[in-house]
Amino acid sequence: MNTTEAEKKEYLNFIHQIIEEDLKNGKHGGRVHTRFPPEPNGYLHIGHAKAICLNFNTAEKYKGLCNLRFDDTNPAKEEEEYVTSIKEDVHWLGFDWGDRLYWASDYFQQMYDFAIEMIRKGKAYVCDLTPDEIREYRGTPTEKGKNSPFRDRSVEENLILFEKMKKGEFPNGSRTLRAKIDMSHPNMNMRDPIMYRIVHATHHNTGDQWCVYPMYDWAHGLEDSIEGITHSLCTLEFEDHRPLYDWFLDQLEGVHRPQQIEFARLNLNFTVMSKRKLLELVRLGLVKGWDDPRMPTISGMRRRGFPAAAIRDFADRIGLAKRESTVDVALLEFCVREELNRVAERRMAVLNPVKVVITNYPAGQVEMMEAVNNPEDEGAGTRQVPFSREIYIEKDDFMENPPKKFYRLAPGREVRLRYAYLVTCTNVIKDEKGEILEIHCTYDPETRGGNTPDGRKVKTTLHWVSCDHAVQATIRQYDRLFKVENPLSDPEKDYKEFIHEHSLDIVENCQLEPDLKNFKPGQFIQFERLGYFIADPDATDDNLIFNRTITLRDTWAKIQQQENQK
RNA sequence: ACGGGGAUCGUCCAAUGGCAGGACUACGGUUUUUGGUGCCGUCUAUCUAGGUUCGAAUCCUAGUCCCCGUGCCA
């Protein structure tokens, strides 16, 4: 028997190890149910993508379910716009929550009833301390806190006061409902944490129905419990909150007990990941919006042209652990290139054109050349590309006095025009300032399609576009938003000082192969020898716009850099 | 200082007392009608000091360093 396959042990990350152990022990009735619980106070970013993939993929792996739940417990910061974008982003990433779209606000009444239960049991009390006083009474990590003078109110008084808080009879900040735990606990989260605060604000879902809103620690475990979540996955900073998460659930009768497990959040170099900073970039106009292609948001990456499959693959490859780490953006770029190489059709586009006249080619003649759409995918077929006497090539593809390792067109040198002919440079026409106006070449009629019947080799194949047939476009070339690996590393400097001033380079009057005018927004494309691009929704009928997703790996650029450093 | 976590190639993740392995990056070669892709190869790591053991990244002891924690945010 062939044992190699059976012996190949599948690698399990530490969370899946815990789950398999739980399954073996019959914990949670052998069920796995996860959730992705965003607060609708910003757009989702690549760090959220890690959590989304983890939660949905874990559920699928163990034949369980994953809910999408909006943790909308703070009406001051939350907006409908964010709800819409979050739903769109999760779907676009390729995940489906079925009919399990939930809201923390759906449970406000249940949470309130549980709070009454806590008061009745003497586990919660209404506190009249001001915010400043609460902070003062809380103590510090090294000093114990002091009991609130309101800690021993009667159950009856607490019930009445909490009822009045709920009805809106007190102003914001005047009172809170607190859990009665231990003001000398070494874990500050356990020093009589606040369960409810008074907020007079209109909630996007519940309107003006509530004047008290639950705090995260009280709400989150209840949300998980109510939904029957088995494994509540969250980031490391909530590790300190787990004792409180467990404590709350322990106080209540007959509630389901989910298990919180923490993992390290994703950090990426050359960017910032906090919602606060991303919001700031948007508000200050440093980027064009949450979906600016330079943003690490899911919507930004989508507009940049990163395929969802590449982001999912990235989430798989970065692994999962409890140690703080920063993933190299080069890995993300690798995933993007790998996916795009497989799926993007190829076209020719000249970004910085210079005219080439093929002097021995008949004026007025047009030939249709057959070009392969995607060498990685035969099913993508071929297309016909018009060729004529005058074409554009890339300025960078010609040098009058080429250095050693430059293989492209130069006086007297022969190169291949992709899918067309071999041409030899015979002359260069310049204006009085020395600017190149035209490059003159002759072609070899025997080399139609780019083949050489005599077997001779040329070093390089160039992309080109026929002048008479070209369509014009604007191309937005994006680069990394920050010019340093870690914009937050210098405590003396604001991260915004490290913004890359040339992270967007707009190139007008690019000359494209004619069939590009049929490309619809969102369609991926590779411009041969240049990079991957995506048609942008800003395009109009008479002006095409493509965003550069990422360049191809460019060994010539690398050689140039190395030469420059010498 | 107190409480909670964490330290393995440049980066990320494995190895759960038994040959420190994979991916990315970098570098080199090869193929090529994209200086792309593919293929092949090279480089580099167990925080420190003791201990247990035939054998330690893993267990024990002592240290060092890093992260989180004093919102009526999540």
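Order of the sequence lines sets the chain letters (A, B, ...), proteins ahead of strands, with each chain counted from 1.
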Q: Mind checking A:I194 for me? I need base, sugar-phosphate or nothing, with any heavy atom below 4.0 Å counting as a touch.
A: base

Q. Under the rule syn = chi within 90° of 0, otherwise anti, which is B:G36?
A. anti

**Q.** Same-atom distance (C1') from B:G50 to B:C73, integer angstrom
**A.** 46 Å

Q.
Nearest to the A:M215 side chain among B:U34, B:A14, B:C72, which nucleotide is it?
A. B:C72

Q: Please determine if A:D479 and A:R548 form a salt bridge, counting it only when a charged side-chain N lies under 4.0 Å from a carboxylate O.
A: no

Q. Is there ring stacking between A:Y11 and B:A14, where the centres must be under 5.5 angstrom apart and the planes under 30 degrees?
A. no

Restricting to nitrogen or oxygen on both sides, can you table the protein-nucleotides 24-30 of chain B pairs closer than 3.5 Å?
unit_1, atom_1, unit_2, atom_2, d
B:C27, OP1, A:Q562, NE2, 3.3
B:C27, OP2, A:K558, NZ, 3.3

Q | Spacing between A:F14 atom CZ and B:G5 atom P, to the nearest angstrom | A | 13 Å

Q: In whole angstrom, give the distance that lies between atom CG of A:N74 and atom P of B:G71.
A: 16 Å

**Q.** Nearest-Å distance once atom C1' is located in both B:A7 and B:A45
**A.** 13 Å

Q: Kindly say whether the aromatic ring centers of A:F527 and A:F533 come within a distance under 6.0 Å.
A: yes

(Q) It should be established whether A:R197 places a side-chain nitrogen or oxygen under 4.0 Å from OP1 or OP2 of nucleotide B:C73. (A) yes

Q. Would you call the rings of A:F248 and A:W218 parallel, tilted or perpendicular, where under 30° means parallel and over 60° means perpendicular?
A. perpendicular

Q: Answer with yes or no whether A:D240 presents, from its side chain, a donor or acceptor under 3.5 Å of a partner atom in the base of B:G3.
A: yes

Q.
Which label fits A:H203 and A:Y213: parallel for a plane angle under 30°, tilted from 30 to 60°, or perpendicular past 60°?
A. parallel

(Q) Would the base of B:U70 count as contacting A:R191 through its side chain, where contact means a donor and an acceptor less than 3.5 Å apart? (A) no

Q) NA contact type, A:L129, heavy-atom cut-off 4.0 Å: base, sugar-phosphate, or nothing? A) base

(Q) Let me spell it out: for each of A:L417 and A:A264, pick the nucleotide of RNA chain B with the closest heavy atom. Which residue's pick is nearer the 5' end? (A) A:A264

Q. Of the candidate nucleotides B:U34, B:U37, B:A74, which contains the atom at the shortest distance from the side chain of A:L552?
A. B:U34

Q.
I'd like to know if the side chain of A:N13 and the backbone of A:H16 have a donor-acceptor N/O pair within less than 3.5 Å.
A. yes

Q.
In whole Å, measure the gap between the C1' atoms of B:G17 and B:A57 for me.
A. 11 Å

Q: First locate atom CZ of A:R346, then atom CD of A:E376, and finally report the distance between them rounded to the nearest 0.5 Å.
A: 5.5 Å

(Q) Of the listed nucleotides (B:A74, B:U37, B:G69), which one gets closest to any side-chain atom of A:T73? (A) B:A74

(Q) Could you write out RNA chain B as dot-bracket? Rules: Watson-Crick or G-U wobble, both distances under 3.5 Å, brackets [ ] for crossings, | for pairs with another strand, dot for unpaired. (A) .((((((..((((....[..)))).(((((.......)))))....(((((..]....))))))))))).....

Q: Flag this pair as yes if the NZ/CZ of A:R178 is under 6.0 angstrom from the six-membered ring centre of A:Y125 and inside a 45 degree cone about the axis; otherwise no.
A: no

Q.
For a quick test of reading the model: is some side-chain N or O of A:Y216 closer than 4.0 Å to OP1 or OP2 of B:C73?
A. no

Q | Distance, rounded to the nearest Å, where A:H16 contributes NE2 and B:U16 contributes C1' | A | 18 Å

Q | Between A:Y245 and A:Q259: side-chain donor-acceptor atoms closer than 3.5 Å | A | no

Q) Given atom CG of A:L266 and atom C1' of B:C67, what is their separation to the nearest angstrom? A) 16 Å

Q. Near RNA chain B, under 4.0 Å by heavy atom, which residues of residues 131-150 of chain A?
A. A:P131, A:I134, A:R135, A:R138, A:G139, A:T140, A:P141, A:T142

(Q) How many whole angstroms separate atom CZ of A:R242 from atom C1' of B:A74? (A) 18 Å

Q: Decide if the gap between the ring center of A:F238 and the ring center of A:Y216 is smaller than 6.0 angstrom.
A: yes

What pairs of nitrogen or oxygen atoms, one from the protein and one from nucleotides 6-8 of chain B, lie under 3.5 Å apart?
unit_1, atom_1, unit_2, atom_2, d
B:U8, OP2, A:R323, NH1, 3.4
B:U8, O4, A:R323, NH2, 3.0

Q) Does A:S325 put a side-chain nitrogen or oxygen below 4.0 Å from OP1 or OP2 of B:C13? A) yes

Q) Expressed as a whole number of Å, how far does the C1' atom of B:U8 sit from that of B:C66? A) 15 Å

Q: Would you mind classifying the nucleic acid contact of A:Q17 as base, sugar-phosphate or nothing, using non-hydrogen atoms under 4.0 angstrom?
A: base

Q.
Considering every strand and a 4.0 Å limit on heavy-atom distances, what is the contact class for A:I559: base, sugar-phosphate, or nothing?
A. base

Q.
Considering every strand and a 4.0 Å limit on heavy-atom distances, what is the contact class for A:H185: base, sugar-phosphate, or nothing?
A. nothing

Q. From the list B:U34, B:G35, B:C72, which nucleotide is the closest neighbour of the side chain of A:P375?
A. B:U34

**Q.** Any residue meeting salt bridge (Lys or Arg N to Asp or Glu O under 4.0 Å) with A:D246, in chain and number order, not counting sequence neighbours
**A.** A:R257

Q: Check every strand shown and say whether A:Y196 touches a base, only sugar-phosphate, or nothing at a heavy-atom separation below 4.0 Å.
A: nothing

Q) In whole angstrom, what separates A:Y213's OH from B:A74's C1'? A) 16 Å

Q | A:K77: partners by salt bridge (Lys or Arg N to Asp or Glu O under 4.0 Å), with sequence neighbours left out | A | none

Q.
Could you tell me how far apart A:N13 (CG) and B:C13 (P) are, to the nearest whole angstrom?
A. 11 Å

(Q) Using atom P in both nucleotides, what's the gap between B:C39 and B:G55 to the nearest angstrom? (A) 43 Å

Q | Gap in Å between the two P atoms, one belonging to B:G28 and one to B:C60, rounded | A | 46 Å

Q) Taking atom types as modelled and ignoring hydrogens, do the side chains of A:Q384 and A:Y419 form a donor-acceptor contact shorter than 3.5 angstrom? A) no

Q) Under 4.0 angstrom, heavy atoms only, what part of the nucleic acid is A:N269 near: base, sugar-phosphate, or nothing? A) nothing

Q. If each of A:R418 and A:T326 is mapped to the nucleotide of RNA chain B with the nearest heavy atom, which maps nearer the 5' terminus, i.e. the 5' end?
A. A:T326

Q: Can you tell me, in whole Å, how much space there is between the P of B:A14 and that of B:U53?
A: 31 Å

Q. For the ring pair A:W464 and A:F387, is the centre-to-centre distance below 6.0 Å?
A. yes

(Q) Using whole Å, what does the distance between atom P of nucleotide B:A74 and atom CZ of A:F36 come to? (A) 16 Å

Q. Taking the six-membered ring where the residue is Trp, are the ring centres of A:H204 and A:W103 under 6.0 Å apart?
A. yes

Q: Would you tell me whether A:T424 and A:R413 have side-chain atoms, one donor and one acceptor, within less than 3.5 Å of each other?
A: no

**Q.** Pairwise C1' distance for B:A49 and B:U70, with rounding to whole Å
**A.** 36 Å

Q.
Closer than 4.0 angstrom, basic N to acidic O: yes or no for A:K277 and A:E280?
A. no

Q) Any idea how A:F162 and A:Y112 line up, ring-wise: parallel (<30°), tilted (30 to 60°), or perpendicular (>60°)? A) parallel

Q. Centroid-to-centroid, A:Y82 to A:F70, below 6.0 Å?
A. no

